[in-house]
There are 2 protein chains.
Amino acid sequence: MEFHKTLDCSTCSMASPVFCFLNHQEVAKIDDNRIEVSFNPGDTIMKSGTPKTHVMSFYQGLAKVTLEGKDGKNFILDFIRPQTFFSGPGFFFDNKHYLTITAVEPCKVCLIDMDIFFQMMKDNFEMAFAFMENSNKFIMNLIHKMESLLIKHHHGRVAESLLYLSGVIYQSNPFNMSISRKDLSDLTALPKESVSRILQEFKNEGIINMKDNTVHILKEDSLMQISQNG
Amino acid sequence: MEFHKTLDCSTCSMASPVFCFLNHQEVAKIDDNRIEVSFNPGDTIMKSGTPKTHVMSFYQGLAKVTLEGKDGKNFILDFIRPQTFFSGPGFFFDNKHYLTITAVEPCKVCLIDMDIFFQMMKDNFEMAFAFMENSNKFIMNLIHKMESLLIKHHHGRVAESLLYLSGVIYQSNPFNMSISRKDLSDLTALPKESVSRILQEFKNEGIINMKDNTVHILKEDSLMQISQNG
DNA sequence: AATTTAAATTGATAAATGTCAATCTAAATT
DNA sequence: AATTTAGATTGACATTTATCAATTTAAATT
């Protein structure tokens, strides 16, 4: 971890849309009340159950947002890429974390004092509204995720995840999957054995190719169909 | 439906906590820009996909919040009882409904013009914050629901639902279940046949009693244990 | 490079689960 | 009250799915 700052809010191009309605004074105040933190893969960025003191601007790397269930079962609700603003549902409520965020690739974030951010929303309704929009998008993600998990069968879930990883998270087609099979298992809410099997099936059917964590989607149409109907 | 008003905001005791920070002027403004609507069981209060023009204060009856999936599969995310404020995740985003709300028992609601409510949040940050707290509670409900559905087996889900209906929704122990088996099926994300079977099992094991839609929980401890471990 | 550790794959099996069809019950309509 | 309709229950079956154990592969450590 580094405690000196390498960025300047006034020139930062990595800020989330939540911050785009601030005037110079407000930007300066954010700058004075933030800390930059780096995380290595596997590091916990936010831990469910702990007190919530900051909101987060995620500006580098890849992280996973996890719901910790019982018996050590975890569910990945989403992956985070820059630029993302994250406060979490405990904000305004009991100021605790309800989700765990873990670095998958090396990450850099700015942590902004929650009270400062809170006060700023009082004076700047545009930021407050941008914050609310951000919350609502999070809700819609959750709803979509829920729908997928409830409706789709195993093959469909894996197909959807591969398309999501390639299209949204890694944004390339032969993509190097930096997440583990366990992560894929937590993302699809499937036992890791099932994930292995299904990936193997996709490979045998010529839908994808796999080698050394590099996945190549060969028949995107087939995957989309499996994702829809499976 | 009745188009004349029977209530007065300034003396209304059925308002959600979201409205508790308003001054006289603001209360009057809400009063001028709301309509009272009654719904019969089965009526659609809000329909997914339609434009969103109002926020809702739910002050009488029982309704279900449904996520419409593919192939006519529906999932009940929650039931609504007074007093509940509901805006929905489309607010601030594309102003469409993403969830469907349907009356289960006769319902009465106030629909408040969305733009008026929006403007009022600009001037009254306390209401805006109460609104945000409401949103975050909704998120936490969703997360809890998701966890249950992902972790628990069929018996556990039915057990949890019975406890929820008795404890939260109907607030009595021998309770008259105004929701249908199909609703119970949509709530637990289980085929209705499975719901029937499991209820019957619970009955045979002396955990509950059932007659004419009246359900009596006899062994709450057993149900709680099944809900936890099942 | 050798050894150890962890992760991923594969196979076999038992259990859970969804679907179809048929029966039964209750409610609604005439 | 008789008829119709919708909803709920039950049974049987095929399929899906989770779990355990064993093997293989890859990564990390010495």
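Chain letters run A, B, ... following the sequence lines, proteins first, then strands; residues in each count from 1. This is a predicted model, so every value here is computed, not measured.
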Tell me whether the centres of the aromatic rings in Phe86(A) and Phe91(A) are closer together than 6.0 Å. no
Hey, does the side-chain of Arg197(B) have a donor or acceptor N/O within less than 3.5 Å of a partner on the base of dG18(C)? no
Picking from dT10(C), dT10(D), dA26(D), which would you name as closest to the side chain of Gln200(B)? dT10(D)
Kindly point out which of dT10(C), dA8(C), dT17(D) is positioned nearest to the side chain of Glu193(A)? dT10(C)
If you assign each of Leu190(A) and Asn213(B) to its closest nucleotide in DNA chain D, which residue comes earlier from the 5' end? Asn213(B)
Of the listed nucleotides dA8(D), dA26(D), dA8(C), the one nearest the side chain of Arg181(B): dA8(D)
Atom CG of Asn204(A) and atom P of dT10(C) are separated, to the nearest Å, by 8 Å
His155(A) NE2 to dT17(D) C1', straight-line distance once rounded to whole Å: 10 Å
Rounded to whole Å, please give me the gap between NZ in Lys152(B) and P in dA18(D). 18 Å
Please tell me which of the listed nucleotides, dT9(C), dA18(D), dG18(C), lies nearest to the side chain of Pro191(A)? dA18(D)
Please report, rounded to the nearest Å, how far the C1' atom of dT25(C) is from the CG atom of Asp212(B). 11 Å
Rounded to the nearest 0.5 Å, how far apart are CE of Met146(B) and CG of Leu149(B)? 9.0 Å
Nearest-angstrom distance from the residue atom CG of Leu184(B) to P of dT9(D): 10 Å
Taking the six-membered ring for Trp, are the ring centroids of Phe85(B) and Phe19(B) within less than 6.0 Å of each other? yes
Against the side chain of Ser180(B), the closest entry in dT17(D), dA8(D), dA8(C) is dA8(D)
Round to the nearest Å and state the distance from Leu150(A) atom CG to dT17(C) atom C1'. 15 Å
Of Lys73(A) and Val195(B), whose closest DNA chain D nucleotide lies nearer the 5' terminus? Val195(B)
note: Lys182(B), atom NZ; dT9(D), atom C1'; distance rounded to Å ~ 16 Å
For dG18(C) and His154(B) - does any side-chain N or O of the residue sit under 4.0 Å from the phosphate oxygens OP1/OP2? yes
Which listed nucleotide (dA8(D), dT17(C), dT9(C)) is nearest to the side chain of His153(B)? dT17(C)
Only one of Lys152(A), Arg157(A), Glu160(A) clears side chain to side chain donor-acceptor pair (under 3.5 Å) with Ser227(A); which? Lys152(A)
Are the aromatic rings of Phe58(A) and Phe39(A) close, with centres under 6.0 Å apart? no
Atom CD1 of Ile198(A) and atom P of dA8(C) are separated, to the nearest Å, by 16 Å
